[in-house]
Protein chains: 2
Amino acid sequence: MNTLLKQLKTARQEKGLKQSEFGKKLGLPQSHISRIERGKTDPRLSTVADMARIADHELMLVPRRLVPVIRFMTEGGNDQEPMWKPDE
Amino acid sequence: MNTLLKQLKTARQEKGLKQSEFGKKLGLPQSHISRIERGKTDPRLSTVADMARIADHELMLVPRRLVPVIRFMTEGGNDQEPMWKPDE
DNA sequence: TTCGTATATGTGTAATAGCATATATTCATG
DNA sequence: CATGAATATATGCTATTACACATATACGAA
């Protein structure tokens with residue numbers, strides 16, 4: 001499907017928001033959130049941008065040659081954890 | 001207005017495409033491209049994503065704390081040029 | 001002027017968005 | 001197990017709007 005929508009769903013879940021709460025913050029009905037997350041509808045740009053912001057994210061336009069780097073930074077894993085440890 | 005749309009427009013221009021050519025690659029009429037770029041309409045997610053790809057870009061969902069870094073990478077300037085040179 | 005490009009307008013259609021409701025599904029708790 | 005509450009998905013029915021298509025206007029350059 002659309003990976004962006006999947007990312008949005010997990011972002012919402014990580015915020016601990018259910019679809020109805022999420023929708024209320026956006027002024028959207030729960031049913032619509034559901035349809036969007038499952039890819040049953042093609043939402044408007046403003047809708048997705050709003051959803052992103054509520055979920056502490058941002059919708060950005062990225063030049064293709066930077067995509068791999070950014071992908072690594074975002075889904076590369078939890079960078080609360082160090083990526084390597086010095087030899088002891 | 002929406003900075004993302006402005007970015008899309010300059011991305012198209014940098015590709016040397018006029019609205020009509022751009023639209024043809026997308027299966028969209030020129031009039032629609034015009035309305036979108038001027039913020040007179042709220043396009044669908046798929047439309048914007050398609051426009052991004054044609055313009056050699058990608059629409060990405062980015063965690064808020066990474067936004068400044070990515071902004072620096074993208075609009076930070078031409079990184080064909082090295083950001084520093086070693087002392088000689 | 002004529003040509004190329006960008007923006008504007010109007011009409012018809014298809015799809016999103018709003019609203020209410022129905023149907024799972026899971027998970028407690030008696 | 002049964003029952004009920006909380007969550008997620010589904011459906012039907014309107015209203016609003018993106019989108020398709022044609023056409024018109026504006027403006028600058030050759």
Side-chain angles (χ1 to χ4, degrees), chain A residues 1-64 67 71 74-75 77-78 80, chain B residues 1-64 67 74-75 77-78:
Chain A
M1 274 280 186
N2 191 348
T3 103
L4 211 155
L5 298 182
K6 281 204 279 282
Q7 293 175 287
L8 257 182
K9 174 169 181 173
T10 70
R12 170 183 65 80
Q13 290 170 331
E14 283 168 359
K15 285 278 297 182
L17 293 173
K18 41 187 172 180
Q19 292 184 337
S20 54
E21 297 169 325
F22 200 57
K24 188 166 295 181
K25 286 177 182 287
L26 291 160
L28 296 179
Q30 168 274 323
S31 62
H32 198 221
I33 306 288
S34 167
R35 280 192 262 238
I36 292 174
E37 287 185 350
R38 287 177 302 127
K40 294 303 181 188
T41 196
D42 191 356
R44 305 188 180 150
L45 175 62
S46 68
T47 302
V48 181
D50 290 345
M51 290 174 70
R53 281 182 210 107
I54 299 294
D56 293 327
H57 285 243
E58 206 72 38
L59 207 56
M60 297 189 76
L61 187 70
V62 172
R64 175 163 299 129
V67 169
R71 225 179 267 293
T74 68
E75 59 193 49
N78 194 344
Q80 304 302 88
Chain B
M1 269 282 183
N2 191 348
T3 106
L4 211 155
L5 297 181
K6 280 203 280 282
Q7 293 175 289
L8 257 182
K9 174 170 182 173
T10 71
R12 169 183 65 80
Q13 290 169 331
E14 283 167 359
K15 285 279 295 182
L17 293 173
K18 41 188 172 181
Q19 292 183 337
S20 55
E21 297 170 324
F22 200 57
K24 188 166 295 180
K25 287 177 181 287
L26 291 160
L28 296 179
Q30 168 274 323
S31 61
H32 198 223
I33 307 288
S34 167
R35 279 191 263 239
I36 292 174
E37 287 186 349
R38 286 177 301 128
K40 294 303 181 187
T41 195
D42 192 357
R44 303 186 181 149
L45 175 63
S46 68
T47 301
V48 181
D50 291 345
M51 291 174 70
R53 281 183 208 106
I54 298 294
D56 294 328
H57 285 243
E58 205 73 36
L59 207 54
M60 298 190 75
L61 188 70
V62 172
R64 175 162 298 130
V67 169
T74 68
E75 58 192 50
N78 194 346

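Each chain gets a letter, A, B and so on, in the order its sequence line appears, and its residues count up from 1.
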Exercise for review: Check side chain to side chain donor-acceptor pair (under 3.5 Å) between Arg12(A) and all other residues, then give those that pass, not counting sequence neighbours.
Suggested key: Glu37(A)
Point to revise | Non-neighbouring partners of Thr47(A) that pass side chain to side chain donor-acceptor pair (under 3.5 Å), sequence neighbours left out | key: none
Check your understanding: Residues in side chain to side chain donor-acceptor pair (under 3.5 Å) with Ser20(A), at least two apart?
Key -> none
Check your understanding: Looking at residues at least two apart in the chain, or sitting in another chain, which of them share a salt bridge (Lys or Arg N to Asp or Glu O under 4.0 Å) with Arg35(B)?
Key -> none
Point to revise | Whole angstrom value for the distance that separates P of dT7(D) from CD of Gln13(A) | key: 13 Å
Review point. Taking only residues two or more places apart in sequence, or in another chain, which ones meet Lys15(A) in a salt bridge (Lys or Arg N to Asp or Glu O under 4.0 Å)?
Key: Asp56(A)
Review point. Looking at DNA chain C, which of residues 17-26 of chain A put a heavy atom within less than 4.0 Å of it?
Key: none
Revision key, fill the gap. side-chain contact (heavy atoms from CB on, under 4.5 Å) filter on Pro29(A), not counting sequence neighbours, yields Ser31(A), His32(A)
Point to revise | Which residues share a salt bridge (Lys or Arg N to Asp or Glu O under 4.0 Å) with Lys25(B), sequence neighbours left out | key: none
Check your understanding: Listed in order of residue number, which residues of residues 53-61 of chain A have a non-hydrogen atom at under 4.0 Å from DNA chain C?
Key -> none
Practice item. Mind checking salt bridge (Lys or Arg N to Asp or Glu O under 4.0 Å) for Asp50(A) and listing every partner two or more places apart, or none if nothing turns up? Key: Arg53(A)
**Study point:** Residues in side chain to side chain donor-acceptor pair (under 3.5 Å) contact with Ser46(A), at least two apart in sequence or another chain
**Key:** Asp42(B)
Provide a list of protein-nucleic acid N or O atom pairs under 3.5 angstrom, restricted to nucleotides 15-20 of chain C.
residue : atom : partner  : partner atom : Å
dT16(C) : OP1  : Asp42(A) : N            : 3.0
dT16(C) : O5'  : Thr41(A) : OG1          : 3.0
dA17(C) : OP1  : Arg44(A) : N            : 2.8
dA17(C) : OP1  : Thr47(A) : OG1          : 3.3
dA17(C) : OP2  : His32(A) : NE2          : 2.4
dA17(C) : O5'  : His32(A) : NE2          : 3.2
dC19(C) : N4   : Arg35(A) : NH2          : 3.3

Review point. Just how far, in rounded Å, is C1' of dA18(D) from CD of Glu37(B)?
Key: 16 Å
**Study point:** Residues Leu4(B), Leu59(B); criterion side chain to side chain contact (heavy atoms under 4.5 Å, CB included); working and verdict
**Key:** CA-CA 9 Å; Leu4(B) 211 155; Leu59(B) 207 54; 3.9 Å; yes
